[in-house]
Number of protein chains: 2
Amino acid sequence: MQKKSSATIYDVAHRVGVSLATVSRVVNGNNNVRESTKRKVLDAIEELGYHPNAVARGLASKKTTTIGVVMPDVTDMYYSELARGIDDVANMYHYDVLLTNTDEDPVRETMAVNNLASKQVDGIIFMGNELEREVLNTIAGVDAPVVLAGSVDGEGKLPSVNIDYVEAIKEATTAVIKNGHDRVAIVTGPITHAINSLHRIVGYKAALEDMQIAFDETLLFATHQDYAAGLQVAEKIVSAGATAVIAYDDEVAVGIMNYLRDNGKRIPEDFEIITSNDTKFTLVTRPEVTSIGQPKYDIGAVAMRMLTKLMNNEIIDDTQIKLPHTLERRGTTRN
Amino acid sequence: MQKKSSATIYDVAHRVGVSLATVSRVVNGNNNVRESTKRKVLDAIEELGYHPNAVARGLASKKTTTIGVVMPDVTDMYYSELARGIDDVANMYHYDVLLTNTDEDPVRETMAVNNLASKQVDGIIFMGNELEREVLNTIAGVDAPVVLAGSVDGEGKLPSVNIDYVEAIKEATTAVIKNGHDRVAIVTGPITHAINSLHRIVGYKAALEDMQIAFDETLLFATHQDYAAGLQVAEKIVSAGATAVIAYDDEVAVGIMNYLRDNGKRIPEDFEIITSNDTKFTLVTRPEVTSIGQPKYDIGAVAMRMLTKLMNNEIIDDTQIKLPHTLERRGTTRN
DNA sequence: ATGGGTATTGTAAGCGTTTGCAAATTGTTT
DNA sequence: AAACAATTTGCAAACGCTTACAATACCCAT
């Protein structure tokens, strides 16, 4: 049972009869302390139930051993898996994580970054579909390193960890085309977002071109990122004459599938679906849904690892990391 | 464009020609400042791009405006929804959230709480299925208020926000019995956990008793909390002769359902299922799964609101809050 | 013993704010 | 114009710890 009002470094120093500096040294694992005094200090610490005050430590050392994570929504399976990867390696390196949900609102993203900066975090991991100018500017103004996880910025200057979205979508699109479809729809988020216009759509078009199929703008759909959106866009996809779809979000994909099945379509016989995030949603449905496979946990973990290096001023060869993706063929594609 | 090395309160005081105290006052919205000087200070702050250093502020004021959240796993939909509720009201009251995943490991829970304490958080919200003695003790040793969200402690002394688990399970069980089942299985987590032995099983038995059905121990199952576990336990449930099941976790429930359907059972004609958490999983499958309805977001939000009061030393009439639950009848029950 | 080098330990100046209390300024009242 | 009360400010001491730099202590070879 420890006493409520905690002891300070002064108390233990006084107790042992040494200076604050010495106590500080043993607490911080500094070797320049005689073994015998180290023992005495350690004992006193034990007896007094002393725990260093991290705030004071932060003020004095200018390091908080805390990083900030800015994400759209913890509730979104895709991001929460990245977050888990981040948190695990953060702990591994003894960092704590300050979490902020932004719902992708640039205003909140900006506030979050500024807030984290004033809390003196040692680094920030940023996730979100789009990096607006404004947000990019405030990130540039922060003096803690920032790395993007599962997110691209148009200019491609910030350190980041992703998969190759162009290639991934291209492969998925090619796969359904090879299964005989010549009208494959693609649903993404707003085309104003770089990740859609500069990556997903590009990959999609590349596949079409490779397979000698003319691009048809009416096969492009942009939706919100949830189940209801999938339910809604499904009908439009069908009436556009598509017989397959590449979706950017698993909930959307499942929404599309359920709408189609509820309306008599057979999957995959009548219609094929490939989604992008490979979250648990894809395994839970019948049929299970074919998906681009993303190492979500690893994206987070690698981003965090990179951040530790940055915070440590280590030199990094490549700051734009692309992790390998796969195509997990399941029940919503014939092949 | 703000300068990198940020200005301190001293800089703005110097710039305006007032004392630190005055700047501090305007920054903190203290009224005892002449309107005209407040303006000047505000201007200087603007020009210098001054942002208060939260760490220094924390040291001086002994308040960090940061709370800690200890949870099993961000990746678990149930908890992440609670977390979202927590985060939203935390922001509303200008608190930041320090997040820790514990995977329900008592050792890590203990470390997390201690770590948060040394980071001087103003309060803690704890989530987890079971509060071991050890964890309870360290919580007692922390001088920041702690509230439990979606979690019960055997002794029931800590402030908490939950639903009435006994009643909820009782209703669910009664519902399937009324649909004609006399052998309904129940799957929970370890019976060593209070929430199972003291709540869920109790509710289950109460329903049996009410409906004059003898309790049969072979209908009790304990599993891990994931899809695979559901797949595995399903067979045992069937061979135990059950024709309905009450599950404590949505992934488990879906696992059970998929196993059964893949093996020729018709749901709900041949077998009924009710789950407990009402996450998105229940809506995404076909049929959709009947579930106890829990106000997950609200549990988090209310817990956080309560924490703000505690941190503010306000008097609270009831510290053991039970929020209303429902029974969402969907496709895995006939009625 | 003595000198020199190394291993230990202590000193004290921050780190950027808050805040109780005192000093100064301004406004009222008579 | 003096006296007194509010209002506004400024002073300076914390807050609990880190960290150059200085001071001591200790060990060994001479």
Side-chain angles (χ1 to χ4, degrees), chain A residues 3-42 44-45 48-66 115 117-122 143-144, chain B residues 3-42 44-45 48-66 94 117-122 143-144:
Chain A
K3 17 212 79 112
K4 281 267 183 170
S5 59
S6 45
T8 72
I9 196 175
Y10 175 81
D11 296 323
V12 356
H14 188 257
R15 171 84 108 101
V16 182
V18 297
S19 71
L20 303 191
T22 299
V23 178
S24 176
R25 290 194 185 94
V26 350
V27 169
N28 293 298
N30 185 318
N31 289 323
N32 304 114
V33 178
R34 184 179 302 153
E35 194 58 35
S36 63
T37 73
K38 176 190 283 190
R39 264 259 57 82
K40 285 191 280 183
V41 170
L42 253 16
I45 286 177
L48 276 58
Y50 167 72
H51 287 289
N53 177 321
V55 174
R57 209 202 287 240
L59 218 213
S61 70
K62 302 185 152 310
K63 298 210 167 305
T64 54
T65 60
T66 299
N115 179 239
S118 76
K119 287 254 171 162
Q120 313 294 119
V121 295
D122 296 337
D143 71 353
Chain B
K3 21 215 72 123
K4 282 265 183 173
S5 59
S6 45
T8 73
I9 197 174
Y10 174 82
D11 296 323
V12 356
H14 189 257
R15 170 84 106 103
V16 182
V18 296
S19 71
L20 303 189
T22 298
V23 177
S24 176
R25 290 194 186 94
V26 349
V27 168
N28 292 298
N30 184 318
N31 288 320
N32 305 114
V33 178
R34 186 178 301 150
E35 194 57 36
S36 63
T37 74
K38 175 190 283 187
R39 264 257 58 81
K40 285 190 282 185
V41 170
L42 253 16
I45 286 177
L48 276 56
Y50 166 70
H51 287 289
N53 177 322
V55 175
R57 212 203 284 242
L59 217 212
S61 69
K62 301 186 152 308
K63 297 209 165 307
T64 54
T65 61
T66 299
H94 303 294
S118 77
K119 287 254 171 163
Q120 312 293 119
V121 294
D122 296 337
D143 71 352

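Below, chains carry the letters A, B, ... as their sequence lines are ordered, and counting in each starts from 1. The model shown is predicted, which means the values in this text are computed figures rather than measured ones.
Distances were taken from every side-chain heavy atom of A/V18 (C-beta onward) to each of C/dG10, D/dT18, C/dT19; the shortest belongs to C/dG10. In this structure, the nucleotide among C/dT9, D/dC17, C/dT17 sitting nearest to the side chain of A/V33 is C/dT9. Residue A/L59 places its side chain closer to C/dG16 than to any other of C/dG16, D/dG10, C/dT9. Minimum atom distance to the side chain of A/S24 is reached by D/dT18, of the listed D/dT18, D/dC11, C/dG10. The listed nucleotides are D/dC17, C/dT8, C/dG16; the one nearest the side chain of A/N32 is C/dT8.
Residue B/V27 comes nearest to B/Y50 through the heavy atom pair CG2-CE2, 4.0 Å, listed as atom of the first residue, atom of the second, then distance. Here the shortest heavy-atom pairing between A/D122 and A/K62 reads OD1-O, 4.4 Å.
Atom CG in B/L20 sits about 14 Å away from atom P in C/dT19, given to the nearest Å. Remark: P of C/dT9 and CG of A/N30 are 11 Å apart, rounded to the nearest angstrom. With rounding to whole Å, A/H14 atom NE2 is found 16 Å from D/dG16 atom P. When the P atom of C/dT17 is taken as reference, atom CD1 of B/I45 falls 10 Å away, rounded to whole Å. C/dT6 atom C1' lies 12 Å from atom CZ of A/R34, rounded to whole Å. Atom CZ of A/R57 is separated from atom C1' of D/dT18 by 9 Å (rounded to the nearest Å). Note: CD (A/Q120) to C1' (C/dG16) measures 9 Å, nearest angstrom. Remark: P of C/dT9 and CD of A/E35 are 11 Å apart, rounded to the nearest angstrom.
Contact annotation: B/T37 reaches the phosphate of D/dT9 (side-chain N/O to OP1 or OP2, under 4.0 Å). Neither OP1 nor OP2 of C/dT18 sits under 4.0 Å from any side-chain N or O of B/Y10. Under 4.0 angstrom from either OP1 or OP2 of D/dC15 there lies no side-chain N or O belonging to A/N53. For A/T8, no side-chain nitrogen or oxygen approaches OP1 or OP2 of D/dG16 to under 4.0 Å. For the pair A/S61 and D/dC17, the criterion of a side-chain N or O lying under 4.0 Å from OP1 or OP2 is not met. OP1 or OP2 of D/dG16 has at least one side-chain nitrogen or oxygen of B/K62 nearer than 4.0 Å. Between A/T22 and the phosphate of C/dG10, there is a side-chain N or O to OP1/OP2 separation shorter than 4.0 Å. OP1 or OP2 of D/dT18 sits under 4.0 Å from a side-chain N or O of A/N28. The side chain of B/K38 contributes no N or O atom lying less than 4.0 Å from OP1 or OP2 of D/dT8.
Not one N or O on the side chain of A/N28 forms a donor-acceptor pair closer than 3.5 Å with the backbone of A/N30.
Heavy-atom nearest nucleotides on DNA chain D were determined for B/A60 and for B/S36, and the one closer to the 5' end corresponds to B/S36. Map B/V55 and B/R25 each onto its nearest nucleotide of DNA chain C; the residue landing nearer the 5' end is B/V55.
Using a 4.5 Å heavy-atom cutoff, the side chains of A/S6 and A/H51 are not in contact.
In this structure, A/E35 CD and A/K40 NZ are separated by 12.0 Å, a value rounded to the nearest 0.5 Å.
A donor and an acceptor atom, one from each side chain of B/T66 and B/K119, are nowhere located under 3.5 Å apart.
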